[in-house]
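See structure below.
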Amino acid sequence: QVQLVESEGGLVRPGGSLRLSCAASGSISIIYAMGWYRQAPGKQRELVAVITRDGRANYADSVKGRFTISIDNAKNTVYLQMTSLKPEDTAVYYCNADFEYEYGLREYDYWGQGTQVTVSS
């Protein structure tokens with residue numbers, strides 16, 4: 001039994017900041033990577049940022065320089081610090097994890113429930 005528990009998003013003004021978190025819990029032996037994806041109405045789900053357990057991070061071009069992803073391996077938690085938010089950042093943000101269960105099975109693509117982030121004045 002594994003859960004990805006995301007923090008609440010919310011409504012922020014353009015230029016504002018918001019931090020998201022996602023905590024993985026349950027029968028996990030090791031997490032290889034965690035990331036954030038987002039989906040806006042009428043658009044495909046897209047990668048926002050991903051980070052490996054050793055701290056290697058990749059970002060979508062649209063968020064480079066504005067968002068920072070980090071991971072706390074001891075807590076199995078990934079964070080997304082969002083700054084200089086724009087209306088086009090409005091989307092449902094989904095946490096994703098790549099991990100191994102305690103009994104040895106690899107889970108490559110496990111999703112959180114999603115949290116709404118709205119950027120509007």
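Residue numbers count from 1 along this sequence. Remember, predicted model here, so these are calculated numbers, not experimental data.
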Identify the heavy atoms of A49 and L80 that sit nearest to each other, and give their distance. CB-CD1, 4.3 Å
Quick check: do I71 and N73 have side-chain heavy atoms less than 4.5 Å from each other? yes
For K43, the side-chain hydrogen bond (donor to acceptor under 3.5 Å, both in side chains) test, sequence neighbours excluded, returns none
Look at atom CD of E88 and say whether more than 12 heavy atoms of other residues, nucleotides or ligands are closer to it than 6.0 Å. yes
Starting at CG of L4, measure out to OH of Y94 and round the result to the nearest 0.5 Å. 13.5 Å
Should Y79 and Y93 be regarded as members of a common hydrophobic cluster, given that ILVMFWY residues are connected when their side-chain heavy atoms come within less than 4.5 Å of each other, either directly or indirectly? no
Look up atom CD1 in I31 and atom OG1 in T52, then write down how far apart they are to the nearest 0.5 Å. 12.0 Å
Return the set of residues passing side-chain hydrogen bond (donor to acceptor under 3.5 Å, both in side chains) with D89 (not counting sequence neighbours), or none when no residue passes. R38, R66
hydrophobic_cluster_shared for M82 and L11, side chain cutoff 4.5 Å: no
Quick note, salt bridge (charged side-chain N to carboxylate O under 4.0 Å, His left out) partners involving residues 90-105, not counting sequence neighbours, are D98-R106
Quick one: CG on N96 to OH on Y110, what's the gap to the nearest 0.5 Å? 11.5 Å
Quick one: do L18 and F67 end up in the same hydrophobic cluster if we chain Ile, Leu, Val, Met, Phe, Trp and Tyr together by side-chain heavy atoms under 4.5 Å apart? yes
What pair of heavy atoms forms the shortest contact from C22 to M34, and how long is it? O-CE, 3.9 Å
Not counting sequence neighbours, list each pair that qualifies as a side chain to side chain donor-acceptor pair (under 3.5 Å) and has a residue in residues 3-28. R19-Q81
E107 and V2, any side-chain heavy atoms less than 4.5 Å apart: no
Under the side chain to side chain donor-acceptor pair (under 3.5 Å) rule, what pairs show up with a residue in residues 112-121, not counting sequence neighbours? Q116-T118
Examine V48 and V12 and state if one hydrophobic cluster contains both, with Ile, Leu, Val, Met, Phe, Trp and Tyr joined whenever side-chain heavy atoms are less than 4.5 Å apart. yes
Residue pairs involving residues 33-57 (criterion ring-ring contact (aromatic ring centres under 6.0 Å, His included); sequence neighbours excluded): Y37-W111
About how many Å separate CG of D109 and CZ of F99, when rounded to the nearest 0.5 Å? 10.0 Å
What distance separates Y59 OH from I51 CD1, expressed to the nearest 0.5 Å? 6.5 Å
